[in-house]
There are 2 protein chains.
Amino acid sequence: MAASKTSESSSRVISTKPPIGCALLLMDLFRSYLHQQRLPVTHQREAIAMSLFESEQQLSVDDLAELLRRRGEHVGKATIYRTLSLLVEADLARELDFGEGFKRYEHQAGEARYDHLICTNCGRVERFTRPAVDDLQDEIAAELGFFVQSRRLEIYGLCGRCKAGEREIGEDVGVRPK
Amino acid sequence: MAASKTSESSSRVISTKPPIGCALLLMDLFRSYLHQQRLPVTHQREAIAMSLFESEQQLSVDDLAELLRRRGEHVGKATIYRTLSLLVEADLARELDFGEGFKRYEHQAGEARYDHLICTNCGRVERFTRPAVDDLQDEIAAELGFFVQSRRLEIYGLCGRCKAGEREIGEDVGVRPK
DNA sequence: ATCGCTGCAAACGGTTTGCAGGACA
DNA sequence: TGTCCTGCAAACCGTTTGCAGCGAT
C-alpha cells in the first residue's frame, strides 16, 4: 500500500558526469567558508562536498555513502550528515524532500534555485527555473501579505519515458506522490 | 541550529470554528467510502474524521490526539494513523509536510486542492488556490514532457503580523524553511 | 458468528548525539 | 598542543506493525 521507504535509493543510477569546473569552483567556496568559520578543512569534508558537487543528481545520504565507498573512501554517515549541514549553512547545497522518507541534497551556486519535476514511476528528477514562477509567487505573497523567504514547487507525474510505457507502470522507486 | 523536532506542535492554537455543514457533508462521504469498501464505521473513525473535518487547520497526529482527548475521547495514535490513511485513500484528506519532522493533514473536498503559504516565525498557514498556478504547472510539464499527477507549492516567509514585528523574530515554531 | 478494528507496546528507520581516539592549524 | 573532527554505537522520535481482545455488521 504505502510505498516502501526504500533507503535503497541506490538502485537508481548514480552517475558523475557534469561540469568539473563548476565542482572545483564550489570546492573553493566551501573551503573559503570553512576558513572564514575557522573550521578545519578535513579530507572527509572535501570528499563529501566533491561527491555532491560532481553529481547533477539529488543524492540521499546513502547515495553519498555508496558513492564515497566506491571511491575507496570510508566515511561514517554521521560525518556525511554533519558535512551536509555545513554545506546547507554555507548555501552551497539544498535539502530536498520528495516524500520518500528520507532527505536528498543537491548542490547550488549562489542565487540560483531550482524547482523540480519528479517522475513517480522511475524517480527521475528534472530541475527547471522559470521567472514566471517567481513572479507568480511574489504576486500571491504580496496579495496575502507575506514576505517571501523561500519556496518549494514540486510537480509529480510521469516523465516522457514512463508516459510512453518504456517502463512498467507501478515499478516502485519509493517516490510517493501527494 | 536545526529546528528542534517539536512534536509539541500543540503549542499552536487549535481552534474548531468553521463550516459545520461542510464537516457533516464530508462525514457522509467518509461513511459512504467505508460502506463501499465494506469496512466498519467505528466510533473512533467517526471521531477522528470529524475532528479533522471541523478544523480549518493543518493538524499533526499529536494535534488530533490532543483534540480528541479534550473531547473526552481516548483514541490510540496507531488508530489515528490508520484512519488518516483511510481518509487520504478516500481523497477526503491530504498529507502535508512542512519540514517540521512530522506530517500534517488537512481535509479536502473533491477536486479542490490548495497551495500553502507558511510563516516561518509563527507557523501560521494560509491556503490559497490560483488558476494561474495550474496553468503555469501545465505549461512547464508539457514543455518538459511530463504528465502531471499532483503538485506541491509551498511559499515560506513571514506573515503580515510577524513581518510587522508583532512577534519576536526567532520564536521557534519548528517550521524549517528550505 | 465473523471479520476487521483497537490499543498497547515493540519494532522500524532516518537522523542526531555522546564519547574516546585522531587530525588539522 | 589545543581544538575540532571522525567513527561507532546508542539515543531519538515519528511512524508502522504484531497481537490479544473487542466491536460492527
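By convention in this document, chain letters (A, B, ...) are assigned in the order of the sequence lines, proteins followed by strands, and residues within each chain are numbered from 1.
Side-chain contact check for A:Glu73 and A:His43: at least one donor-acceptor pair (N or O, by modelled atom type) lies under 3.5 Å. No side-chain donor from either of B:Arg94 and B:Gln108 sits under 3.5 Å from a side-chain acceptor of the other. Between the side chains of B:Glu106 and B:His116, at least one donor N or O lies within less than 3.5 Å of an accepting N or O. Judged purely by distance below 3.5 Å, without hydrogens or angles, the side chains of B:Thr83 and B:Gln44 never pair a donor atom with an acceptor atom.
Nearest to the side chain of B:Val61, among D:dG7, D:dT15, D:dT17, sits D:dT15. Which of C:dT6, C:dT15, D:dC5 sits closest to the side chain of A:Lys103 comes down to C:dT15. Checking C:dT15, C:dC5, C:dT17 against every side-chain atom of B:Pro40, the shortest atom distance belongs to C:dC5. Here the side chain of A:Arg45 is nearest to one of C:dA9, D:dC4, D:dC8, namely D:dC4. Nearest nucleotide to the side chain of B:Ala78, out of C:dC8, D:dG14, D:dT25: C:dC8.
Residues A:Thr79 and B:His43 each lie close to DNA chain D; by heavy-atom proximity, the contact nearer the 5' end of the strand is made by A:Thr79. For the pair B:Lys77 and A:Tyr105, both in contact range of DNA chain C, the more 5′-proximal nearest nucleotide belongs to B:Lys77.
As a whole-Å value, the separation of B:Arg104 CZ from D:dT15 P is 11 Å. One atom, CD1 of A:Ile80, and another, P of D:dC8, lie 11 Å apart when rounded to the nearest Å. Distance, A:Leu84 CG to D:dT6 P: 12 Å, rounded to whole Å. Taking atom CG of residue A:Asp97 and atom P of nucleotide D:dT15, one finds them 12 Å apart after rounding to whole Å. Per the geometry, CG belonging to A:Leu68 stands 12 Å off P belonging to D:dT6, to the nearest Å. The CD atom of B:Gln37 sits 11 Å away from the P atom of C:dC5 (whole-angstrom rounding). The distance from atom OH of B:Tyr81 to atom P of D:dC13 is 13 Å, rounded to the nearest whole Å. Look at CZ on B:Phe98: it is 17 Å from C1' on D:dG14, rounded to the nearest Å.
Counting atom types as modelled, B:Arg82 pairs a side-chain N or O with a base atom of C:dG7 as donor and acceptor under 3.5 Å.
Contact check, A:Gln44 against D:dG7: a side-chain N or O comes under 4.0 Å of OP1 or OP2. For B:Thr42, no side-chain nitrogen or oxygen approaches OP1 or OP2 of C:dG4 to under 4.0 Å.
The environment of A:Phe128 atom CZ is dense: over 12 non-hydrogen atoms of other residues, nucleotides or ligands sit within 6.0 angstrom.
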